[in-house]
Structures are given as C-alpha cells and as structure tokens.
Amino acid sequence: MSASRSTADQQAAQAVVRHHAQLAADLDRHVDDLLDAADQGDAAGALRHRDELLGWLRDELLPHAYAEEGSLYTAAGDRVEAALLIRGMLDEHRAISGLVAELEAADRPVRLAAAARALAALFAVHLTKENDLIVPVLVDAPDVSLATLLDGMHDLLGSSDGSGRGGCGGGGCGCGGDQASADAPAPMVSIDPRLDVRLLPHHQRHARVLAALDALPAGGALVLVAPHAPRPLLAEVEARYGGGMTTEWLQDGPEVWQVRLSRQPVAA
C-alpha cells in the first residue's frame, strides 16, 4: 500500500468516525428532548419531539445506514474475517428500521420514550462496532481503498459544508439516492393509481406514502413516483408491513423512479 493511499484511507476513516459522533450526538439530543417531555407528562410535547425525531431519522440516519450497506458493508462482507459481522450489522439495520416504525406508531409518552431510548441504545452499540471493527478492517485491507469507497458518498459523511447534514447538491434531502428534477417526465408504466411525491416537501413524503398504503384495500396497489431511489422509505414499508406489502421497481432512474407497492390479499 502506498504512503499516499494509506494517508487518504486514514483520513477517510477519521471522517467516518467524526460523522458517526455527530449522528450519535444529534440522536441523543432528539431522544433527550422526547424523554424530558415524557417525564413531565407533556403528551403534546412528546409527540412534537417524536415528529422532529422521525424527520431527522428519515433525513439523516436511515439514508446513512443504507448508504453504508452499498459501500462499506459490501466491501467488508466480501472478506472472510468480517462476513459474519456484516450479517449481524445488517440485522441491526433491520432492527433500527423496526424501532423507527414502532416510534411512528406509538402515541403515548411511555411508549414513545421506550422506543426512543431503545433506538438510541442500539445505535450507540452499532456505531461502536462500525468504528472499532469494520472501519479498521477496510483500512488494513490491501485490496480496498476506503477513501475510494467513500468518494462522493454524502450520506456517509454529511455535506461538504461542514454542517453535518447530508444533502443532494446541498439541498439537505438526505435521500439515500440520486436526486433529479421534480418536473422530469414520468411515463405511465402501470394501470394502478399513482402517488407522485416529487413536488411535496421532503419531510412530508414518507407520511403521505404510508397513509396512502394504510388506505389500500387487500389486493390494491399504487405506483410511487419519486425524484430519487426511495430506499429508506421502502425500508420503513418493510418494517411496517413485512410480507403484507410487495414492491416492484418499474423505473429505476436516472430522472424518475417508479415503484409499484401492492397490499397482499388476506389469506383465506
């Protein structure tokens, strides 16, 4: 390994650890606000902080997690010494998504506090394993360049302006995928009704889609039209509905993404 590559990889590792620390601090702040409101018996305040926490999770933490799966986890999972660890880390991502869904469904302060605290505890342990086990494996791997893996991965390192927030082109969307114009043509690819979220504010999109899915009858379907690959949203759908909702990618960019979501019929 050349000295220049070693230096670049060490700098990349430090950037990952710094961003992890920022994520942990932001999560703890949101959770502490929610817990304080719950301790005071302030149900309205707890719900308000729950909504703020959910917005941050969708914009920051979940896109970061799924960006890791496509870069760090893929590279580490190909190595014998890390393969089992990566399987466990992926399971923890699913558990994190499940706690996000539980947090969204909760409406009483005690349940909000329990889900939020469990999420913070799991995420803290998860980051420790990433910092202490996965990142060193990749830095030491002679055939892997951590700096190259992270090149352009804004969802892993946050925006380049030092704000600590991810974004597409500085827009702060935290999308976990490529961003495209909201007025790009979206061809009709299914006879199912369409839900085009491209013109909605980003913080409203997940709630709007989940509400539409809740309203679907058994056997019903809709086509989600999005300005980027909606991977964090689909993870929420999986955590919320499990095998009760299937997904089919109909258009995979580069300007428009369309995904058919269908509710499975009730078994006789």
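In what follows, every heavy atom counts, from backbone to side chain, and hydrogens, waters and symmetry copies are set aside.
- By the neighbour-count criterion of 12 heavy atoms within 6.0 Å, atom CZ of R208 is sparsely surrounded, having that number or fewer from other residues, nucleotides or ligands.
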inquiry  = Go through it in stages, so that I can follow the logic: the residues are E68 and K129, the test is salt bridge (Lys or Arg N to Asp or Glu O under 4.0 Å), and I'd like the CA-CA distance, side-chain angles, deciding distance and then a yes or no.
reply    = CA-CA 13 Å; E68 285 180 326; K129 287 189 282 190; over 6 Å; no

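- At a threshold of 4.5 Å between non-hydrogen side-chain atoms, the residues T148 and D9 do not count as touching.
- Atom CD of residue Q11 and atom CG of residue L146 lie 11.0 Å apart, to the nearest 0.5 angstrom.
- Minimum heavy-atom separation, A120 to L27: CA-CD2, 3.8 Å.
- Other residues, nucleotides and ligands place no more than 12 heavy atoms under 6.0 Å from the CZ atom of R87.
- Annotation for A83 and G77: closest pair CB-O, 3.7 Å, computed over non-hydrogen atoms.
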message = Please determine whether side chain to side chain contact (heavy atoms under 4.5 Å, CB included) holds for the pair M245 and L213, giving the CA-CA distance in whole Å, both sets of side-chain angles, and the decisive distance to 0.1 Å.
response = CA-CA 9 Å; M245 194 76 66; L213 293 179; 4.0 Å; yes

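- Residues H93 and E69 meet the side-chain proximity criterion, which asks for heavy atoms closer than 4.5 Å.
- The closest side-chain heavy-atom distance from Y73 to M89 is below 4.5 Å.
- Looking at heavy atoms from C-beta onward, R79 lies in side-chain contact with D143 at the 4.5 angstrom threshold.
- The existence of a salt bridge linking R240 and D214 is confirmed by a sub-4.0 Å separation between a basic side-chain nitrogen and an acidic carboxylate oxygen.
- To the nearest 0.5 Å, atom CG of residue L53 and atom CG of residue L112 are 9.5 Å apart.
- I96 contributes atom CD1, which lies 11.0 Å from atom CG of D91 (distance to the nearest 0.5 angstrom).
- A distance of 12.5 Å separates OH in Y241 from OG1 in T246, rounded to the nearest 0.5 Å.
- With contacts defined as side-chain heavy-atom distances shorter than 4.5 Å, the pair L103/L99 does not qualify.
- With rounding to the nearest 0.5 angstrom, the CG atom of L122 is 11.0 Å from the CZ atom of R117.
- Donor-acceptor pairing under 3.5 Å is lacking for the side chains of D36 and Q40.
- By the 4.5 Å heavy-atom criterion applied to side chains, E60 and D26 are not counted as neighbours.
- The closest side-chain heavy-atom distance from V137 to L133 is not below 4.5 Å.
- For the pair D196 and R194, the salt-bridge criterion is not met [side-chain N within less than 4.0 Å of a carboxylate O].
- Donor-acceptor pairing under 3.5 Å is recorded for the side chains of E52 and H49.
- I134 approaches A76 most closely through the heavy-atom pair CG2-CB, 4.2 Å.
- If you take CG on L233 and CG on L210, they are separated by 6.0 Å, rounding to the nearest 0.5 Å.
- Using a 3.5 Å distance cut-off with no hydrogens or angles, the side chains of S262 and E248 do not pair a donor with an acceptor.
- For the pair R231 and E236, the salt-bridge criterion is not met [side-chain N within less than 4.0 Å of a carboxylate O].
- Between E130 and H126, the side chains place a donor N or O and an acceptor N or O closer than 3.5 Å (distance only, hydrogens not considered).
- The pair R50-D33 does not meet the salt-bridge criterion, since no charged nitrogen lies less than 4.0 angstrom from a carboxylate oxygen.
- Taking all atoms of both residues into account, the shortest heavy-atom contact from V225 to R198 is CG1-NE, 3.7 Å.
- The shortest side-chain heavy-atom distance between W257 and L224 does not fall under the 4.5 Å cut-off.
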